[in-house]
Amino acid sequence: MNEKLSISLPSEMVAAIKARVDAGSYASTSEVLRAAVRVWLREEEEYQQRIAAIGQRVKTSLDDPRPDLSMQDIDSWIKTLAAEKQ
C-alpha cells in the first residue's frame, strides 16, 4: 500500500531531483525519493550491524579470562623485547 506524503526540501535538492527525472534517470520524483529512502534504509541497517559487531567484540574482550595488563607492564615488555633484539 502506498501512502502520500507532503515534504519540504531545499531548492538545491528539488533541482537535483528534477534534473535526474529530466535526464531520464528516473521516471518520477517519487521514484527518486524511493531510491533515496532504500539507500538510507540499507545504510541504517549496515550501521546497526557494525554497532552490533563492535558490541560483540567489546563483550568478547571484557569476557576474556586473561589477566589485564597495565601500561607499565606493556612498556616493560616492549623494553625487554627491544633489549633481546640488541
Side-chain angles (χ1 to χ4, degrees):
M1 178 173 107
N2 292 335
E3 186 172 333
K4 192 172 189 172
L5 298 175
S6 175
I7 62 169
S8 297
L9 296 172
S11 317
E12 302 82 27
M13 288 183 177
V14 172
I17 291 167
K18 287 181 178 181
R20 298 314 187 283
V21 173
D22 292 344
S25 300
Y26 295 90
S28 67
T29 56
S30 292
E31 189 178 312
V32 175
L33 293 173
R34 281 191 294 271
V37 170
R38 280 192 293 273
V39 169
W40 171 67
L41 290 172
R42 184 175 61 241
E43 287 175 353
E44 286 293 310
E45 177 64 27
E46 290 169 358
Y47 173 78
Q48 292 303 321
Q49 290 172 354
R50 285 192 305 272
I51 293 298
I54 290 168
Q56 183 57 46
R57 282 181 272 184
V58 168
K59 182 181 179 330
T60 299
S61 179
L62 292 172
D63 292 344
D64 190 337
R66 294 177 289 186
D68 293 335
L69 297 175
S70 68
M71 286 305 294
Q72 185 178 10
D73 294 335
I74 294 169
D75 189 47
S76 175
W77 177 69
I78 290 171
K79 287 178 181 175
T80 301
L81 286 176
E84 291 174 359
K85 296 286 182 183
Q86 295 178 351

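The analysis underlying the following values was restricted to heavy atoms, covering all of them including side chains, and did not include hydrogens, waters or symmetry mates. Bear in mind that the values here come from a model prediction, so they are computed numbers and not experimental data.
The closest donor-acceptor contact from the side chain of Ser76 to the backbone of Gln72 lies at 3.5 Å or more, if one exists at all. Using a distance-only test at 3.5 Å, with no hydrogens or angles considered, no donor-acceptor pair links the side chain of Ser61 to the main chain of Arg57.
Rounded to the nearest 0.5 angstrom, Ser11 OG and Lys18 NZ are separated by 9.5 Å. Interatomic distance, CD1 of Ile17 versus OG of Ser25, reported as 12.5 Å (0.5 Å rounding).
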Side chains of residues 30-47: which donor-acceptor partners sit under 3.5 Å, not counting sequence neighbours?
unit_1 : atom_1 : unit_2 : atom_2 : d
Glu31  : OE1    : Ala27  : N      : 3.4
Glu45  : OE2    : Gln49  : NE2    : 3.2

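Here Leu69 is tied into one hydrophobic group with Met71, Ile74, Trp77, Ile78, Leu81, each link being a pair of ILVMFWY side chains closer than 4.5 Å.
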